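The structure appears below as structure tokens.
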Amino acid sequence: MERDIMQDLVRWKSKKKRKPLLLRGARQVGKTWIIKKFAETEYEESVYLVCDRQNAELNAIFNGTLEPERIIRLLEIVTEQKIIPGRTLLIIDEIQEIPRALESLKYFCESAPEYDIIAAGSLMGIALHEGSSFPVGKVDQLFLYPMSYEEFLDACGQEPLREFLEKKDQDSIKIFSEKYRELLRTYYLVGGMPEAVSAWADDHDFQEVREIQTGLLDFYDNDFSKHAPADQIVRIRAVWNSLLKQLSKENRKFIYGMVRSGSRARDYEYAINWLEDYGIIHIVHSVSKPGLPLKAYAEQDAFKIYVLDVGLMCAMGDLNPSVVLRGSEIFTEFKGALTEQYVCQQLFPLFRKSLYYWSSPASSGEVDFVLQHQNAVYPIEVKAEENLKAKSLRFFCEKYSLQGIRTSMSDYREQDWMINVPLYEIRDFFCR
């Protein structure tokens, strides 16, 4: 399956002042596959290293002096391959397992920039580990996320539908609006984890997809035990297991007391940071007002936490496919949470730390997302279906003289104070 990040990798290779590249992302989002595909298409040869905990030779190499020529010479002996600048791509996978390997990228940047190096990993709280050193300013970074709705369309053989979205061909999009909605509800269930998408594209079997998703959730849970500090495992699991409940309430602000009664920020701060470094949560902070830059008005103590993938969220809630595809009265409230999760998943790769939300001090109104784009601030209201009431959004837009975005299942249309953007078009609306 094709991934959009391939274009970013090609641009990285062509940079004149290229640094070692660190590709970050959660486990199982396709980092290894995309790097190997990139090496296959763009380089004559590649050397692949995986820094698992049992790799005594790699541990010994990187635990010595970090002089690049020494490391290259020893790696050539271990792999029995030559590493030639401009010809060989050196791939260091799961680099978080050997913090000194991550630190070595600084020395390659400074002393041996001629080597083409891509490292991959989630970092799993490595920035919090005592004695570790992140090569700040010495690496280029890219982030790989689950497949977007547009990539999902490609994988399902719906390239023309994606092309209409990218060209913002509203007439064609409107003609096929029901098809877009049908595929979007399917995407809610399948999500964007590559293995699940591949299984759906091949067999269209929701049961097979759910088994893959359940296996991924078990895999993540096992990783908590393997990689997190022993005294934090219980707290990490507690935060992770509380997220469905946190997102299911009307006000989706993260509440520590919902993790455990009476708990405070200091009890779970490390656990939240670890999960973010591991890559399976997205943190969206509140802003006090929509000023530029939004970061100046961020409130660090008020935030929402979303999970990595909407399909995994369905699996966490054990949602039956028929409920998501056809709806149910008892599903009405959670449908809003699922839709908000989807919108976050579409926008977070584009804006990352520039994606926020707003809530009134009296908790009488909330704007689901507020983002900074092309020197403007856009407030976004998320609607699960075609309910077009947007009182909080209108109040916010009038108060701060902003143009609002409402995203719903309704067709695209512009009003004097607001633009209605279909949910299936929200990412491409900002890709301009």
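Computed from a predicted model, the values in this text were never measured in an experiment.
Formation of a donor-acceptor pair under 3.5 Å by the Gln345 side chain with backbone atoms of Val310 is found in this model. Remark: the backbone N or O of Met258 is not paired with any side-chain donor or acceptor of Ser242 at under 3.5 angstrom. Checking side-chain atoms of Arg27 against main-chain N and O of Tyr220 turns up no donor-acceptor pair under 3.5 Å. Remark: side-chain polar atoms of Glu110 are not paired, donor with acceptor, to backbone N or O of Tyr107 under 3.5 angstrom. Proximity of a side-chain donor or acceptor of Arg406 to a complementary backbone N or O of Asn420 within less than 3.5 Å is not detected. At distances below 3.5 Å, at least one donor-acceptor pair connects side-chain atoms of Asn59 with backbone N or O atoms of Asn55.
With contacts defined as side-chain heavy-atom distances shorter than 4.5 Å, the pair Arg210/Gln207 does not qualify. Here the side chains of Asp428 and Glu150 are in contact, with some heavy-atom distance below 4.5 Å. Leu183 is listed as a side-chain neighbour of Tyr149, based on a closest heavy-atom distance under 4.5 Å. Put simply, the side chain of Gln346 reaches to within 4.5 Å of the side chain of Ser148, judged on heavy atoms. Residues Leu189 and Phe206 have side chains in contact (heavy-atom distance under 4.5 Å, counting atoms from C-beta outward). Annotation: side chain of Phe143 is not in contact with side chain of Pro349 (no heavy-atom distance under 4.5 Å). Side-chain contact between Val343 and Asp368 is absent, with no heavy-atom pair separated by less than 4.5 Å.
Note: Tyr378 and Phe430 meet the aromatic proximity criterion, with ring centroids under 6.0 Å apart. Checked against a 6.0 Å centroid threshold, the rings of Tyr424 and Tyr187 do not count as neighbours. No close placement of the Tyr356 and His285 rings is indicated, their centers lying 6.0 Å or farther apart. In summary, the aromatic rings of Phe254 and Tyr256 are positioned with their centroids under 6.0 Å apart. Taking the six-membered ring wherever Trp is involved, the centroid distance between the rings of Phe369 and Tyr306 falls below 6.0 Å.
Exactly one of Lys15, Arg11, Lys19 qualifies for a side chain to side chain donor-acceptor pair (under 3.5 Å) with Asp140. That residue is Lys15.
For Glu208, the CD atom sits in a packed shell: over 12 heavy atoms of surrounding residues, nucleotides or ligands are nearer than 6.0 Å. Within 6.0 Å of CZ on Arg185 lie more than 12 heavy atoms contributed by other residues, nucleotides or ligands.
A donor and an acceptor atom, one from each side chain of Glu299 and Ser286, are located under 3.5 Å apart.
From Arg427, atom CZ reaches atom CD of Glu166 across 8.0 Å, with rounding to the nearest 0.5 Å. Remark: Leu308 CG to Gln341 CD distance equals 8.0 Å, nearest 0.5 Å. With rounding to the nearest 0.5 angstrom, the CG atom of Leu393 is 9.5 Å from the CD atom of Glu398.
Both tests pass for Lys13 against the ring of Tyr43: distance under 6.0 Å to the centre and angle within 45° of the axis. For the pair Lys289 and Tyr400, the cation-pi test (distance below 6.0 Å, angle within 45°) is failed.
A salt bridge links Arg237 with Asp221: at least one charged nitrogen is closer than 4.0 Å to a carboxylate oxygen. With respect to the salt-bridge test (charged N to carboxylate O, under 4.0 angstrom), the residues Lys304 and Glu340 qualify. A salt bridge is defined here as a Lys NZ or Arg NE, NH1 or NH2 lying under 4.0 Å from an Asp or Glu carboxylate O, and Lys249 with Glu366 fails to meet this definition.
Considering only residues two or more places apart in sequence or on other chains, Arg18 meets the salt bridge (charged side-chain N to carboxylate O under 4.0 Å, His left out) condition with Asp116.
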Can Trp12 and Leu23 be said to form a side-chain contact (heavy atoms from CB on, under 4.5 Å), step by step? CA-CA 11 Å; Trp12 168 79; Leu23 180 63; over 6 Å; no
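When every heavy atom of Gln96 is checked against every heavy atom of Ala120, the shortest pair comes out as OE1-O, 4.2 Å.
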